[in-house]
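Read through the structure below, which is laid out as structure tokens, and then see the notes.
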Amino acid sequence: MLSKKVEAALNAQIRVEAESSQVYLSMASWAEVKGLEGIAQFLYRHSDEERMHMLKMVKYVNERGGHALVSDLAAPATDFGSFQKLFQELFDHEIMVSECINNLVHVTLEEKDYATHNFLQWYVAEQIEEEALARTILDKINLIGNDKGGLYLFDRDIQQLSVDSAASGTGPA
Ligand code: OFO
């Protein structure tokens with residue numbers, strides 16, 4: 001059984017995961033209308049993954065006798081300026097999510113909820129992979145600079161990149 005404090009903290013994280021999915025969906029749509037097809041596909045997949053993260057947590061909360069809440073969400077931005085700025089924003093967003101996960105893990109220790117602590121280790125590992133992936137992408141973007149041919153190849157190659165490939169197949173259960 002979840003304590004009220006852990007349940008509330010998990011529900012707050014459910015909202016963060018849902019908002020992440022919305023942010024990446026909005027980024028995907030922006031990239032698609034800009035003709036950045038590979039980047040758009042990458043971001044649509046990323047959005048789906050965030051929804052999976054949310055669902056995994058919804059099911060856990062309900063399984064443990066809590067009530068997972070679906071709340072209203074902040075509207076994401078609709079214009080991301082440039083693909084360089086977009087990926088910087090994605091990286092910053094993942095750093096923010098990692099902090100949220102860390103705080104959540106801290107709450108489970110305070111509450112001596114070792115089952116939830118254990119459950120959250122999957123998210124801890126996932127954030128390491130997502131941060132590493134975002135950092136790799138930023139490095140590639142720095143290499144490209146303003147080279148149009150480089151952007152063409154980047155847009156083509158990013159279709160192959162996903163968190164799952166970086167995390168050697170450890171997707172949500
Ligand atoms: Fe849910 O992993 Fe990114 O944010």
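One-based numbering, in listed order, for ligands and for the atoms of each. When reading the values below, keep in mind they use all heavy atoms of this one structure, side chains included, and skip hydrogens, waters and symmetry mates.
- Heavy-atom distances between Glu49 and ligand 1 stay at or above 4.0 Å for every pair.
- If you look at Glu50 and ask which of its N, O or S atoms sits nearest atom 3 (Fe) of ligand 1, the answer is OE2.
- Near Ser20, meaning under 4.0 Å from one of its heavy atoms, ligand 1 places the atoms 4 (O).
- Ligand-side atoms of ligand 1 in range of Gln127: 1 (Fe), 2 (O), 3 (Fe), 4 (O), range being under 4.0 angstrom from any heavy atom.
- Classification of Lys5 and Glu110 as a salt-bridged pair holds, one side-chain N sitting under 4.0 Å from a carboxylate O.
- Residue contact annotation: Glu126 places no N/O/S atom under 2.8 Å from atom 1 (Fe) of ligand 1.
- At a cut-off of 2.8 Å, Glu17 does not coordinate atom 3 (Fe) of ligand 1 through any N, O or S atom.
- Counting the atoms of ligand 1 from 1 in the order shown, those under 4.0 Å from a heavy atom of His53 are 1 (Fe), 2 (O).
- Nearest heavy atoms, Phe80 versus Trp30: N-NE1, 3.5 Å.
- Salt bridge status for Glu49 with Arg45: absent, with no side-chain N to carboxylate O gap under 4.0 Å.
- For ligand 1, the polar-atom distance check finds no N/O of Tyr24 at less than 3.5 Å from any of the ligand's N/O atoms.
- Of the charged side-chain nitrogens involved, at least one lies within less than 4.0 Å of a carboxylate oxygen, so that Arg135 and Glu131 count as a salt-bridged pair.
- Atoms of ligand 1 found under 4.0 Å from any heavy atom of Val97 (numbered from 1 in listed order, with element): 4 (O).
- Atom 3 (Fe) of ligand 1 has Glu130 among its coordinating residues (N/O/S atom, backbone or side chain, under 2.8 Å).
- Here the shortest heavy-atom pairing between Ile158 and Ile39 reads CG2-N, 3.6 Å.
- Residue contact check: Glu94 has heavy atoms under 4.0 Å from atoms 2 (O), 3 (Fe), 4 (O) of ligand 1.
- If you check the side chains of Glu32 and Tyr44, you find a donor sitting under 3.5 Å from an acceptor.
- Using a 3.5 Å distance cut-off with no hydrogens or angles, the side chains of Gln41 and Glu37 do pair a donor with an acceptor.
- In the model, Asn103 has no side-chain atom that pairs as donor or acceptor with a side-chain atom of Glu99 under 3.5 Å.
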